[in-house]
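Input: a single structure, listed below in structure tokens.
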Amino acid sequence: MQTILTGVRVNEEPTLGNFLGAYTPMVNLSHEHAKTSNINFFVPDLHSFTTPIDHSKLYDQTIKGIKYYLAAGLDQNNPNLHVYRQSRVPAHSELAWILDCFTPFGEASRMTQFKEKGAEHPDAVTVGLFNYPILMAADILLYDAKYIPLGEDQFQHLELARNIATRMNNKFGEDLFTIPAPEKEQVKFMHLENGLRIRSLTEPTKKMSKSAENERSKILLCDDPKLAAKKIMSATTDSEGVIRFDMVNQPGISNLLVIESLLSNRDLQDVIADWSGQTSYGDLKHKVADSVMHFLSDFQERVNAISDADVEEILQKGEQYANEVANTKLRQVQKAVGLIK
Ligand code: AMP
């Protein structure tokens with residue numbers, strides 16, 4: 001059986017953009033491949049503090065992050081779904097060290113995310129931030145994962161993992177690591193050809209981002225539904241005065257149409273056909289505000305119905321599985337590099 005692997009960072013409160021752009025597609029993929037693939041769903045908690053965080057919250061955020069995915073529809077009764085925390089599978093850290101020693105410094109130095117994040121946190125550029133793509137390679141290679149649903153900002157790190165695996169396979173034998181599929185194949189697998197981007201409510205030329213400082217720019221999954229409705233009502237639009245789907249000239253209005261289509265589970269073209277040519281932006285905002293409010297109420301109710309004990313039980317099962325698979329691979333690598341016979 002092939003393995004699909006996805007890791008979700010849980011440090012910051014996720015947005016509606018995360019839900020529609022990452023949670024929903026991932027949950028759909030897990031249903032699509034439920035019978036034919038292992039679905040490894042892990043929380044990369046060791047990656048969580050490559051930049052500064054509030055450590056007193058990390059543990060609870062992890063549990064909550066998993067609840068969010070379960071509430072979004074991950075099927076916990078699927079025997080092929082494995083949910084685990086990276087930190088509970090020590091083989092991740094052990095393999096990362098070995099991979100470090102097969103990664104040229106120059107190659108790791110080319111990672112653009114390190115340069116960008118380093119520039120954002122100039123006082124806190126750590127070796128961990130530099131090294132995390134190699135830990136990520138270990139996360140993937142330990143499980144022979146072929147498909148790794150991830151955001152486009154991670155494609156360069158995926159390429160690095162492919163390079164490390166290819167280099168080690170050339171040296172130690174082709175059956176050491178499964179080479180993850182290249183970017184193009186991943187995009188096809190994820191059905192991401194159209195590149196969904198939910199826009200900021202206040203600056204609709206930008207994406208809705210959980211780290212944006214302006215609270216009105218984003219809908220958080222924990223937002224009070226009524227407050228979220230107000231944010232939609234005050235969303236930035238334009239002065240054209242006619243509703244059209246036009247991401248270039250009317251990004252705010254177009255963003256609302258996209259949100260409405262996704263939350264109401266209707267084809268975007270049908271939603272556009274309903275609203276095109278109408279002149280009341282207020283009517284459209286009321287409709288979207290209502291959809292957002294209902295979505296959040298339902299979602300939060302589902303989250304609250306999942307107990308910490310439910311999550312702990314799922315984790316215990318998943319972590320036992322992950323340790324078995326990861327330790328088998330780690331031993332194979334240790335043997336290849338001459339640490340054990
Ligand atoms: P981030 O919040 O940047 O860590 O992204 C985590 C995942 O959520 C990535 O797979 C992104 O593609 C997805 N995502 C984040 N923001 C948006 C957005 N505004 N619209 C669609 N997808 C998003």
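All ligand and atom numbering here is 1-based and tracks the order in the structure. Note that the coordinates shown come from a computational prediction; the quantities given were computed from them, not determined experimentally.
With a 4.0 Å heavy-atom cut-off, ligand 1 is reached by no atom of Leu20.
Heavy-atom proximity to Leu196, at under 4.0 Å, picks out these atoms of ligand 1: 21 (C). Within ligand 1, the atoms closer than 4.0 Å to a non-hydrogen atom of Gly151 are 10 (O), numbered from 1 in the order shown.
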Worked verdict on Lys218 versus Asp223 for salt bridge (charged side-chain N to carboxylate O under 4.0 Å, His left out)
CA-CA 10 Å; Lys218 55 191 175 183; Asp223 269 350; over 6 Å; no

Take Ile232 and Ile219 through the test side chain to side chain contact (heavy atoms under 4.5 Å, CB included) and record every step on the way to the result.
CA-CA 9 Å; Ile232 296 287; Ile219 305 278; 4.1 Å; yes

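Between Lys67 and Asp308, at least one side-chain nitrogen of the basic residue sits less than 4.0 Å from a carboxylate oxygen of the acidic one, meeting the salt-bridge criterion.
Proximity of a side-chain donor or acceptor of Glu319 to a complementary backbone N or O of Arg85 within less than 3.5 Å is detected.
Checked by distance only, ligand 1 and Lys207 come closer than 3.5 Å through their nitrogen or oxygen atoms. Looking at Ala22 next to ligand 1, no N or O pair under 3.5 Å apart turns up. Inclusion of Leu150 in the set of residues having an N or O under 3.5 Å from an N or O of ligand 1 is not warranted. In terms of polar-atom proximity, Thr15 is not counted as a contact of ligand 1, lacking any N or O under 3.5 Å from an N or O of the ligand.
Among Thr6, Asn18, Asn11, Leu16, the residue whose heavy atom lies nearest to atom 8 (O) of ligand 1 is Asn18. For atom 12 (O) of ligand 1, the nearest non-hydrogen atom from the set Met190, Arg197, Lys210 belongs to Arg197.
Side chains of Gln61 and Lys64: no donor on one and acceptor on the other come within 3.5 Å. Using a 3.5 Å distance cut-off with no hydrogens or angles, the side chains of Ser217 and Glu203 do not pair a donor with an acceptor.
Atom NZ of Lys171 has 12 or fewer heavy atoms from other residues, nucleotides or ligands within 6.0 Å.
Of all protein heavy atoms, the one lying nearest to atom 20 (N) of ligand 1 is Ile198 N, 2.8 Å. For atom 23 (C) of ligand 1, the closest heavy atom belonging to the protein is Gly17 O, 3.4 Å.
Grouping Ile, Leu, Val, Met, Phe, Trp and Tyr by side-chain contacts under 4.5 Å, direct or through others, puts Leu58 with Phe49, Ile53.
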